[in-house]
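Note that the numbering runs from 1 along the sequence shown for the chain.
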Amino acid sequence: MEEVYNNYKNAVIQSGDPKAKEIVLSNMIALLDRVFLDVTDPFVFQPHHKAKREPFDYYVFGQNYIRPLVDLKNSYVGNMPLFIEMEEKLKQGHNIILMSNHQTEADPAIIALLLETRIPYIAESMTYVAGDRVITDPLSKPFSIGRNLICVYSKKHMLDDPALIEMKRNANIRALKEMAMLLRSGSQIVWIAPSGGRDRPDPHTGEWAPAPFDTSSVDNMRRLVEHSGPPGHVYPLAILCHDIMPPPLKVEKEIGEKRIISFHGAGISVAPALSFSETTATSENPEKAKELFSKALYDSVTEQYNVLKSAIHGKKGFEASTPVVSLSQPWK
């Protein structure tokens, strides 16, 4: 906790905010308070968890904690009109699925922070498919309590403890049933990372790129949407924010990773929804069709990610926009 405090303090001071010290104290007091409360009386997540907003507003707490770490001058949203289109579809009762890469524990807060000025409804309504680590790590839990979650066990950690494999599989079946019920009700926006975990830098080059998508995860989600009743749309979403809270270089089994924190620009971008039937029209093999659809989503995420990377890391800003990705700063 001392290390987290010092890293957070240095990052917020780096932002140059004249009230940096008060912000650090206020946010760290709130975090410590929530962590210690959970240690004495642990919060247990249901397979479908709804954001806890009262008597303590965990959503606002999470937003306030991450906000001073995001350099908005060097942050961008790709294709804002598509996010507005999503909001219209949600109001008409449609379901929206965001197939996304995943970079940090702060991804949900960063997505919400970059959208909250123009479309607070989407920022607050989104449901995240969350791995077990964010609902068991004492430092992650207070932030997770503030989000709408479908709680699953990631494939990457499924075999960590042989004694728990059966329990994890059963929990995932319950989570799938909850997801199906949720989608049947319509007007849902769900974020999922089909890679099953966070992106990591290439061990040889140090370069970051979206981790490959798991075809079966993409297909399970697609079939859930198609069989839910209300119209559903699958959009590829790219996130770039690894500088703010990078994950460990390798996947760790143990809970309690080192938290590195910094003040940095971040970005999200969405591309038009992809139709399974249109994307796979030329494929007669059902298995190949699944792979084709998963690859099309992944390729779109990677293309958008490279535009965000050029804008933020390459310092090109708005000039990094392409015919496919139009960058803006909707908070201005």
Side-chain angles (χ1 to χ4, degrees), residues 26-27 29-39 41-70 83 86-87 89-91 93-98 100 102-154 171-172 174-193 221 224 237 239 241 244-245 266 268:
S26 165
N27 287 346
I29 286 168
L31 176 60
L32 285 165
D33 193 38
R34 292 297 125 186
V35 170
F36 290 138
L37 176 67
D38 190 68
V39 169
D41 182 16
F43 183 85
V44 178
F45 288 85
Q46 297 304 311
H48 177 205
H49 165 77
K50 291 190 179 172
K52 199 167 178 213
R53 305 294 302 260
E54 51 189 36
F56 179 86
D57 195 328
Y58 280 87
Y59 172 83
V60 169
F61 150 76
Q63 296 303 94
N64 288 346
Y65 189 87
I66 301 298
R67 186 177 282 108
L69 302 174
V70 181
F83 285 106
M86 283 180 206
E87 188 174 45
K89 287 192 164 126
L90 289 169
K91 286 176 181 169
H94 296 204
N95 290 319
I96 303 287
I97 305 299
L98 299 172
S100 173
H102 174 26
Q103 295 219 306
T104 76
E105 292 174 317
D107 285 2
I110 285 162
I111 293 169
L113 284 166
L114 298 184
L115 295 178
E116 66 182 6
T117 312
R118 284 290 300 281
I119 38 175
Y121 174 74
I122 282 188
E124 296 186 36
S125 307
M126 203 174 288
T127 297
Y128 296 85
V129 178
D132 53 303
R133 294 177 80 76
V134 299
I135 60 170
T136 50
D137 187 302
L139 202 56
S140 297
K141 281 180 78 175
F143 298 99
S144 303
I145 294 169
R147 306 284 155 188
N148 302 312
L149 304 177
I150 294 284
C151 304
V152 299
Y153 285 91
S154 164
N172 281 358
R174 279 201 310 278
L176 274 174
K177 286 178 180 169
E178 290 287 347
M179 175 73 84
M181 281 170 60
L182 187 68
L183 293 171
R184 276 203 289 274
S185 65
S187 297
Q188 301 299 322
I189 179 161
V190 178
W191 176 96
I192 180 169
M221 196 71 216
L224 274 175
L237 180 85
I239 303 175
C241 63
I244 290 171
M245 230 175 251
I268 60 171

- Message: Give me the atom names and distance for the closest heavy-atom approach of A106 to I66.
- Response: CB-CD1, 3.9 Å
- Query: Shortest non-hydrogen contact from A109 to Q63?
  - Reply: CA-OE1, 3.3 Å
- Intermediate values then yes/no, side-chain contact (heavy atoms from CB on, under 4.5 Å), I150 and L176: CA-CA 8 Å; I150 294 284; L176 274 174; over 6 Å; no
- Item | Contacts of type side-chain contact (heavy atoms from CB on, under 4.5 Å), residue L32, not counting sequence neighbours | M1, F36
- Validation row: V129, V190 side chains within 4.5 angstrom (heavy atoms): yes
- Return the set of residues passing side-chain contact (heavy atoms from CB on, under 4.5 Å) with P47 (not counting sequence neighbours), or none when no residue passes. R174, E178
- Residues two or more places apart in sequence or in another chain: which of them pass side-chain contact (heavy atoms from CB on, under 4.5 Å) with D33? none
- Test item: T127 side-chain N/O and L149 main-chain N/O as donor-acceptor pair under 3.5 Å: no
- Item | Residues that H94 engages under side-chain hydrogen bond (donor to acceptor under 3.5 Å, both in side chains), provided they are two or more places apart | H233
- Contact check, side chains of N148 and Y59, non-hydrogen atoms, under 4.5 Å: no
- Item | Side chain proximity check, D132 to V152, heavy atoms < 4.5 angstrom | no
- Message: Tell me whether K141 contacts the main-chain N or O of V134 through its side chain, where contact means a donor paired with an acceptor under 3.5 Å.
- Response: no
- Looking at side-chain heavy atoms only, is the closest gap between P142 and V35 below 4.5 Å? yes
- Query: Quick one: salt bridge (charged side-chain N to carboxylate O under 4.0 Å, His left out) partners of K52, sequence neighbours excluded?
  - Reply: none
- Applying side-chain hydrogen bond (donor to acceptor under 3.5 Å, both in side chains) to Y58 and not counting sequence neighbours gives R34
- Can you tell me which residue pairs pass the ring-ring contact (aromatic ring centres under 6.0 Å, His included) test with a partner in residues 123-143, sequence neighbours excluded? F61-F143, Y65-F143, Y128-W191
- Query: Got a salt bridge between E105 and R133, using NZ or NE/NH1/NH2 to carboxylate O under 4.0 Å?
  - Reply: no
- Task: Give me the one residue out of D107, T104, L98 that meets side chain to side chain contact (heavy atoms under 4.5 Å, CB included) with I239.
- Result: D107
- CD1 (I145) and CZ (F45) are apart, to the nearest 0.5 Å, by 4.5 Å
- Task: Go through I135 and F43 one step at a time and tell me if the side-chain contact (heavy atoms from CB on, under 4.5 Å) criterion holds.
- Result: CA-CA 9 Å; I135 60 170; F43 183 85; over 6 Å; no
- G146 and A51 have their tightest heavy-atom pair at O-CB, 3.3 Å
- Task: Could you tell me which residues satisfy side-chain hydrogen bond (donor to acceptor under 3.5 Å, both in side chains) with S125, sequence neighbours excluded, listed by chain and number?
- Result: none
Identify every side-chain donor-acceptor pair in residues 179-187 under 3.5 Å, counting partners at least two apart or on other chains, and give the distances.
residue: S185; atom: OG; partner: L182; partner atom: O; Å: 2.5
residue: S185; atom: OG; partner: Q188; partner atom: NE2; Å: 3.3
residue: S187; atom: OG; partner: L90; partner atom: O; Å: 2.8

Identify each donor-acceptor pair in which a side-chain atom of residues 111-123 lies under 3.5 Å from a protein atom, sequence neighbours left out, and give them as a table.
residue: E116; atom: OE1; partner: R67; partner atom: NH2; Å: 3.4
residue: E116; atom: OE2; partner: R67; partner atom: NH2; Å: 2.8

- Query: What pairs with H49 under side-chain hydrogen bond (donor to acceptor under 3.5 Å, both in side chains), at least two apart in sequence or on another chain?
  - Reply: none
- Item | Evaluation steps, side-chain contact (heavy atoms from CB on, under 4.5 Å), between I96 and F83 | CA-CA 10 Å; I96 303 287; F83 285 106; over 6 Å; no
- Is V70 close to I110 at the side-chain level, that is, under 4.5 Å between some pair of heavy atoms? yes
- Should I189 and M86 count as side-chain neighbours, where that means a heavy-atom distance under 4.5 Å? yes
